[in-house]
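Excluded from the calculations below are hydrogen atoms, water molecules and symmetry mates; all remaining heavy atoms, backbone and side chain alike, are included. All values derive from a computational prediction rather than experimental measurement.
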Amino acid sequence: MDRVGSVAGRRASSAGRPGPDAARLEDLRTRLLGRLPTWDSRRERLLGWWGPLTFAVLGGILRFWRLDRPHQLVFDETYYVKQGVSMLQYGTEMRWKGEGDVVDPLFTAGTLDVFRSTEGDMVVHPPVGKWVIAFGEWIFGSTSSWGWRFSVALLGTISIVMIGRIARRLFASSFLGTAAAFLTAFEGHHFVHSRTALLDIVLMFFVLAAFGALLLDRDWSRERLARVVASAPAGTRWRLGPMLWWRPWRLVAALMLGLATGTKWSGLYVFAAFGLMTLFWDIGARRTVGVRHWMAGGVLKDGVLAGVSMTLVVLATYLASFVGWFRSDVSYGRHWAADNPGQGVTWLPESLRSLLHYHHEILTFHNGLTSPHTYESNPWSWMVQSRPTSFFYESKGAGDIGCEVEKCSKAITSLGSISIWWVATAALLVLVVAWAMRRDWRAGAILAGFVGGWFPWFFIQHRTIFTFYTISFEPFVVLAVAYLLAMLVPPAGASERRRQVGYALIGAYALLVLANFAFYWPVWTAQVIPYEHWQWRMWFPSWV
């Protein structure tokens, strides 16, 4: 047995499992869960939904407004929009009939016959994100620039609600949940990606969904742990603690991480970071309820099962995303194993051996991607947005539509709101101190997002990398700012002066975020503005 109790206690439990002791259960729940938002008043629960939903509606209107402009392939849309169309037509990515500068004008003019029907293309990202983009193209048509960007705009809008609800659960505050939704709705980096058909916001969406599922798993499993421990006979001493076999939200998180990895391989880094995060939560829970060997119990009774079950779900989800590649006879490298007998991992079926070789080629490409690029940047500078990526730029002159001066600019720059990113940069130090010195699990959870989304890039700085990759951990930037705002929220019983100062500072900051959004709106939405006005918004030489 995993627990040691009195003979009478063992006899009682053999006669039937007793119900939990109410007082002990309440004490354990409080110690394990703290103050859950579900315990709040009806008014608080309504605010917890209506606040994030309100800003999702506002943010959604802004994201879908003139979504089809410009009717041009913006930045890496040249790859993913056409690959989405290829997925619909062939079930896999097909090679183009020429280079992008030849094919793109034909494609944007409505010509979809731009693929070689018998030659699959060697692409370097898995299929999930392209299927997501293809969904909008399927609904609105492959020649519609609205359809190209519909899916990312939809995911961006939904993620506003998700961040709000996640922040509410994380901070046990509907006000802070609403604040996080507000910050997301008016954050420039999130806004630009919600209007551009790239893979990175799809990655962000599934990472965020996985984080939310693990938060639910944390509360759900701790509630179960409290009930099991409270139901044990008085005097029970746990060696390793009880086994919690069924963890449905953890499997949901694994499914989301499989979809994230099936969008971009960087989802694997997040999988590793979140896996450690949830293990630390389980170890802490066992320690809280008085398990004698809480570290070993957490590793053996939670960690092993979590590692095996989540890895299997992630792997199965990832492989399932290649169903189109498996089914097609013209997918790139589909018949490599048949053409190269005796090579590779020979004990695998030919289809999996071919896929594994294809992945080896992708890995070789990623490791060798060192060609200089005008907008490449170093991860050390990402948080302060020192080198934002220009997605689109056109010079306009007098007489061009919308230009009434000698020289105008029409641009889309993936620049994060400095009113949010610069504050989040300062918040990182606060989070590290709070986690290291006070063992604040909320700070550790937010830091896990940074560890999975940002930290790994420091080990591959030889590669050509860009600031726009930061969208994958943008929700944790917002949560970092929300953590600071939580310190300004007046505690219960605070004086009237403290309440006035706290809410005045929060309100002033919200106005600053709105002003930042309004100021940069033209260079986030390809508005034609005088060249001088564009220069006003390029504060540093590295932004040009």
Side-chain angles (χ1 to χ4, degrees), residues 1-49 165-166 168-177 212-253 278-298 300-303 305-306 438-442 444-445 491-493:
M1 290 183 66
D2 183 46
R3 61 192 185 200
V4 179
S6 64
V7 174
R10 290 196 296 272
R11 287 175 179 170
S13 58
S14 65
R17 182 179 295 276
D21 178 85
R24 192 178 179 201
L25 174 61
E26 189 62 27
D27 175 65
L28 288 171
R29 292 180 72 202
T30 302
R31 288 163 55 196
L32 286 168
L33 297 168
R35 173 177 173 267
L36 281 179
T38 51
W39 297 347
D40 293 336
S41 65
R42 183 172 180 270
R43 175 180 174 276
E44 187 81 0
R45 291 196 297 271
L46 286 174
L47 177 61
W49 275 109
R165 293 295 296 176
I166 285 170
R168 180 179 186 265
R169 181 166 290 270
L170 193 64
F171 299 109
S173 167
S174 295
F175 175 79
L176 290 172
L214 288 175
L215 278 180
L216 290 170
D217 172 75
R218 182 183 187 274
D219 291 344
W220 191 84
S221 62
R222 287 183 170 222
E223 173 71 27
R224 287 189 65 204
L225 181 63
R227 289 188 173 277
V228 171
V229 173
S231 299
T236 298
R237 294 174 295 157
W238 297 90
R239 292 194 182 100
L240 298 177
M243 189 79 176
L244 302 179
W245 291 99
W246 178 235
R247 304 279 288 266
W249 284 112
R250 180 173 273 173
L251 297 179
V252 171
T278 189
L279 175 60
F280 289 158
W281 289 349
D282 288 337
I283 290 172
R286 290 178 183 272
R287 183 179 185 182
T288 299
V289 299
V291 171
R292 185 188 307 172
H293 304 296
W294 43 270
M295 178 70 76
L300 297 176
K301 292 206 165 186
D302 293 311
L305 179 61
R438 294 169 42 203
R439 295 294 189 269
D440 188 340
W441 74 273
R442 301 170 305 166

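Contact of the Leu251 side chain with the Trp246 side chain is registered, since non-hydrogen atoms from C-beta on lie closer than 4.5 Å. Under the 4.5 Å side-chain criterion, counting only non-hydrogen atoms from C-beta, Phe175 is not in contact with Arg168. Side chains of Trp281 and Leu214 form a contact here, defined as non-hydrogen atoms less than 4.5 Å apart. In this structure the side chain of Trp294 reaches within 4.5 angstrom of the side chain of Ile283, judged on heavy atoms. Taking 4.5 Å as the limit, some side-chain heavy atom of Arg250 sits within range of a side-chain heavy atom of Thr278.
Checking side-chain atoms of Arg24 against main-chain N and O of Val229 turns up a donor-acceptor pair under 3.5 Å. Using a distance-only test at 3.5 Å, with no hydrogens or angles considered, no donor-acceptor pair links the side chain of Arg287 to the main chain of Met295. Between the side chain of Arg439 and the main chain of Gly444, no donor-acceptor pair closer than 3.5 Å is present. A donor-acceptor pair is defined here as one N or O able to donate and one able to accept, closer than 3.5 Å; no such pair exists between the side chain of Thr236 and the backbone of Ala232. Counting only distance, with no hydrogens or angles, the side chain of Arg222 and the backbone of Leu32 share a donor-acceptor pair below 3.5 Å. Lys301 places a side-chain N or O within 3.5 Å of a backbone atom of Gly241 that can act as its donor or acceptor partner. Remark: the backbone N or O of Pro242 is paired with a side-chain donor or acceptor of Arg286 at under 3.5 angstrom.
Considering CG of Asp217 and CH2 of Trp249, their distance stands at 10.0 Å, rounded to 0.5 Å. Note that the CZ atom of Arg237 and the CZ atom of Arg239 stand 8.0 Å from one another [nearest 0.5 Å]. Interatomic distance, CH2 of Trp238 versus CZ of Arg292, reported as 12.5 Å (0.5 Å rounding).
Residues Leu28 and Ala226 come closest through the heavy atom pair CD1-O, 3.6 Å. Closest non-hydrogen pair, Ala445 versus Leu170, comes out as CB-CD1, 4.3 Å.
Judged by a 6.0 Å distance limit and a 45° cone about the ring axis, Arg218 is positioned over the six-membered ring of Trp441.
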### Task
Apply side chain to side chain contact (heavy atoms under 4.5 Å, CB included) to the pair Asp302 and Met243, showing each step before the final yes or no.
CA-CA 7 Å; Asp302 293 311; Met243 189 79 176; over 6 Å; no

### Task
Would you please test Leu25 and Arg227 for side chain to side chain contact (heavy atoms under 4.5 Å, CB included) and show each step?
CA-CA 6 Å; Leu25 174 61; Arg227 289 188 173 277; 3.7 Å; yes

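Few gaps surround CH2 on Trp220; more than 12 heavy atoms of other groups in view lie less than 6.0 Å from it.
Taking the charged nitrogens against the carboxylate oxygens, Arg247 and Asp282 do have a contact shorter than 4.0 Å, which makes a salt bridge.
Judged by distance alone, the side chains of Arg45 and Ser174 never bring a donor and an acceptor atom under 3.5 Å apart.
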